[in-house]
> 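Mind having a look at this structure? Questions to follow.
Atoms within each ligand, like the ligands themselves, are counted from 1 in listed order.
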Amino acid sequence: MPNIAVMPGDGIGQEVIPSALRILKAALGADAARWHFEALPHGADHTLKTGQTITASEMQSLRSFDAIVVGALGDPRIPDNRHAKDILLGMRMQLDLYCNFRPSFALSDALVPLKNKGARDVRFTVFRENTEGLYTGIGGNFKMGTADEVAVEQEMNTRKGVERIIREAFAYAVRTGKRRLVMADKANAMTHGHGLWRRVFAEVCKEHQAIEAKALYVDNLVFQLVRDPSQFEVIVTNNLFGDIVTDLAAALQGGLGLAASANYHPGGPQMFEPVHGSAPDIAGKGLANPMGAVLSLSLMLERLGDPTRAAALEAAVKRTIEAGITTKDLGGTATTKEVEEAIARNVF
Ligand code: ATP
């Protein structure tokens, strides 16, 4: 019996996650009765009410679930978004979810924003290292607030961290029959840390002679991604570059409303979330696109060992787009509920 933790969180997370779960239940049919969904209250309201973001024991208890589903965290009432940082970065670091898996598969020609390019050109997956790099908070400020202020942010790259994400990207390429893999870095300017990435990459490449693998500078990667994304099948990169490249990837597939992600530790905890944030500008208005959340649940089904239903959810989203039933961000006029109902009808 799959045991799923559900944390809708803030803003449009409260809309897209319930929608996506109703669609999941439609896809599961009679099997839905075997699934257990545990609602978690964490988010801005919970923090404002209790003064807590997430406790250490609550964080550790997440390990007991087969999957964790998160909506979005971020709320203007908590200007430093301390709760979002504690919960999202906390999960990545404390549960060691070192793989951030972000597929960018366009579902319709009309949604690809590049001239003379279509859905067949945007079919790549980014593996972003999720626990190191520039996101560890190592650094500090000196003479803060003065004209002489110094701010240092240190990038941390460990041999173990670099090797395991590169290996996971190769393992995915082998498992899914991909032929091309690119590692993106900035080893010409950041010789120490990214020199390590280059050395480890060269070692792991030797074990995978059947895969055409190369290292690219990240500036060249983004240039090439816009020029011709069909060159890419699997991309692996560090935390900061992955953060930036995956937003570009979301734009190439049609926008933030469609982008899905998995954050996981192979063989361990796994968390699934749409890439978008809480979007306070449209929250509560029925305008949020639930497709990114649905596609995140498709990734969850795939990783829980049900590729048939995973594909059915993706196909249902595709049919709904083809039928022109989309929210405003994709150029349509439908509400969140109308898109949800159309996707649920299209699941078969
Ligand atoms: P946060 O602070 O939580 O990251 P944000 O508003 O800064 O939230 P996003 O929500 O990621 O950032 O996205 C920016 C904008 O894109 C939103 O303000 C919204 O207008 C639009 N957007 C994002 N996701 C969706 C969606 N699922 N459906 C419709 N529009 C969306």
> For ligand 1, what are the residues with a heavy-atom contact below 4.0 Å?
Ile12, Leu73, Gly74, Leu256, Gly257, His276, Gly277, Ser278, Ala279, Pro280, Asp281, Ile282, Ala288, Asn289, Asp329
> With sequence neighbours left out, write down each residue that passes side chain to side chain contact (heavy atoms under 4.5 Å, CB included) with Asp80, or none if nothing qualifies.
Ile78, Arg82
> Does the distance from a Lys or Arg side-chain N to an Asp or Glu carboxylate O, for Glu233 and Arg123, drop under 4.0 Å?
no
> Are Arg167 and Glu207 ion-paired here, with the side-chain N under 4.0 Å from a carboxylate O?
yes
> Before accepting this row, confirm whether a basic side-chain N of the pair Glu203/Arg159 lies closer than 4.0 Å to the acidic partner's carboxylate O.
yes
> The criterion is side chain to side chain contact (heavy atoms under 4.5 Å, CB included); which residues satisfy it with Lys186, sequence neighbours excluded?
Asn188, Ala189, Met190, His194, Val218, Asp219, Phe241
> Mind listing the side-chain donor-acceptor pairs of residues 305-314 below 3.5 Å, one per line with the distance, residues two or more places apart or on another chain?
{"residue": "Asp306", "atom": "OD1", "partner": "Arg309", "partner atom": "N", "Å": "3.1"}
{"residue": "Asp306", "atom": "OD2", "partner": "Arg309", "partner atom": "NH1", "Å": "3.0"}
{"residue": "Arg309", "atom": "NE", "partner": "Ala27", "partner atom": "O", "Å": "3.0"}
{"residue": "Arg309", "atom": "NH2", "partner": "Leu28", "partner atom": "O", "Å": "3.3"}
{"residue": "Arg309", "atom": "NH2", "partner": "Asp31", "partner atom": "OD2", "Å": "2.9"}

